[in-house]
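Note sheet for the following structure.
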Amino acid sequence: MKRLLTLVLSLLLCCALFVPAAHADVVWEPIGNSFYDAHRDECVYRDKAYAVFDEVPVYDAPGDSMSKWSVSAGENVYVGFVYTDADGVEWGATDTRQGEDWISGWIDLRLLSPVYDTRDFLADHAAEVQPYAGEPAELTGEGEWMLWSYPGSETGYPFQPDDSFAWKDWAGYVYTDETGAQWVNFPYVYGDEGWVYVPDPCRTEPVSLAAATPAPTMQPAQTAQPTQSAQATPAASHSAALILICVGVALVVMVSAVLIVILYVVKKK
Amino acid sequence: MSRLIVALLISLLLTLLFEGAFAFLAGARTSRRLLLVALVNLLTNPPVVLLCTLFPSPLLTAAMELAAVGVEGLVYRTCADWLRRPFLFSLAINAFSYFAGLLLNHLL
């Protein structure tokens, strides 16, 4: 018996080593979300940020009645995968930090506004963007470079290229703006993507361009009214259902306890 | 709410299946002993799953699982005189059930 238990525990510990590896992947995936695990094949990779203009709930599964957390107005959410339900509503998989861990959930994309990004810029300016082919030949700047979301964007992230950074190997596209200045696109550099302003890579002030796309307006991605499946159940009936479930669980526990006492404690005596 | 009920039922059924099999292999070969294992799981599994579903948190899950091991160990110590090490049995059976569930989730 003792050897069996020891063997089983050892095997279980070995199995546990493989569990985290199942989620080791470059592409972000919602971790520990049973809905995603069950509908992975129906989800489409979106990889996009969305702006929130009014507090929006995030659910454990699309159409759930109880939210897991809420995103405050003014925040941006990252959506990795998108699931389209039977009513045609798009739900985005997103996550948030809770203490030391990350939890994932689903958010109704109709209530959000897509953030204009590099892919949108490349699509809108396809005729003016060229793959990098050697021009510009030089890209120098002392200190941190700024990686802008798109030419003329007000959103940028600093990164420090080290001495071995061969920027020409990482350059994707080149865009020439209306002032004649060039911008070099880096599809992937130090975990980020964006554009570097060639005349002054270290410039921290946004470059104002007439052709730059404005920030997302107050328009959500869709204007359709939420369907019945997406609307939150009225609070009263939700609370009543939860109370019923809790009472049911308590009954099961009490009956089990009584049966244990009758069958195994009293009868033993 | 229906998803919560389904989660409770599936978790209970799988727990009964896994722990029943483990108990059988560990020596619970009579219906009386297997019934005790089933009742012990009815005692602990629904409240643990309910609380961990309503308040998802790794810390709470760990605490609830440990509490379940403790409660089940106490019941086995009181009622299962055929077990020489009731708390070790409780730990092993719950660990088996927990990781078997994780593996099943991963495979599916």
Side-chain angles (χ1 to χ4, degrees), chain A residues 1-2 4-9 11-16 18-23 32-35 37-38 59-61 63-66 68-69 98-101 103-105 233 237-238 240-242 244-246 248-261 263-265 267-268, chain B residues 1-8 10 12 22 25-27 32-33 35-36 38-51 53-59 61 71-72 75-76 78-85 88-89 91-100 102-103 105-108:
Chain A
M1 168 71 169
K2 189 177 175 180
L4 174 65
L5 288 176
T6 308
L7 175 64
V8 168
L9 281 173
L11 285 172
L12 287 172
L13 281 169
C14 289
C15 288
F18 292 98
V19 173
H23 297 287
N33 187 275
S34 56
F35 184 86
D37 292 339
Y59 302 93
D60 189 48
D64 261 5
S65 52
M66 193 164 65
K68 215 166 166 179
W69 80 88
Q98 190 181 67
E100 293 296 313
D101 300 300
I103 55 171
S104 57
T233 305
S237 61
H238 167 79
L242 187 57
L244 272 173
I245 291 173
C246 290
V249 167
L251 274 172
V252 167
V253 171
M254 281 192 311
V255 167
S256 305
V258 166
L259 283 173
I260 288 172
V261 168
L263 294 175
Y264 296 94
V265 180
K267 279 204 172 174
K268 194 166 75 171
Chain B
M1 281 300 115
S2 58
R3 285 193 72 244
L4 178 58
I5 295 168
V6 168
L8 283 166
I10 289 176
L12 180 63
F22 184 95
L25 289 173
R32 186 176 165 80
R33 292 178 180 181
L35 178 62
L36 177 64
L39 286 173
V40 158
N41 279 289
L42 282 169
L43 189 68
T44 59
N45 179 268
V48 168
V49 174
L50 178 63
L51 287 172
T53 304
L54 291 178
F55 309 105
S57 155
L59 201 60
T61 301
V71 167
E72 292 185 20
V75 173
Y76 287 132
T78 309
C79 306
D81 47 16
W82 46 277
L83 284 174
R84 280 189 295 170
R85 288 190 165 77
L88 180 61
F89 176 79
L91 178 64
I93 202 172
N94 277 281
F96 175 78
S97 171
Y98 183 79
F99 286 113
L102 277 183
L103 199 62
N105 267 334
H106 171 60
L107 290 172
L108 293 177

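In the text below, chain A, chain B and the rest are named by the order of the sequence lines, each starting its count at 1.
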* **Crowding at CG, A:L251 (>12 non-hydrogen neighbours, <6.0 Å)** => yes

* To do: Starting at OG1 of B:T78, measure out to CD1 of A:I260 and round the result to the nearest 0.5 Å.
  => 9.5 Å

* Heavy-atom distance under 4.5 Å between the side chains of A:Y264 and B:L36, does that happen here? -> yes

* Select one option (side chain, backbone, both, neither) describing which atoms of B:V40 are under 4.5 Å from chain A's heavy atoms. => both

* Asked: Picking from B:L43, B:L39, B:L42, B:L35, what satisfies side-chain contact (heavy atoms from CB on, under 4.5 Å) with A:L259?
  -> B:L39

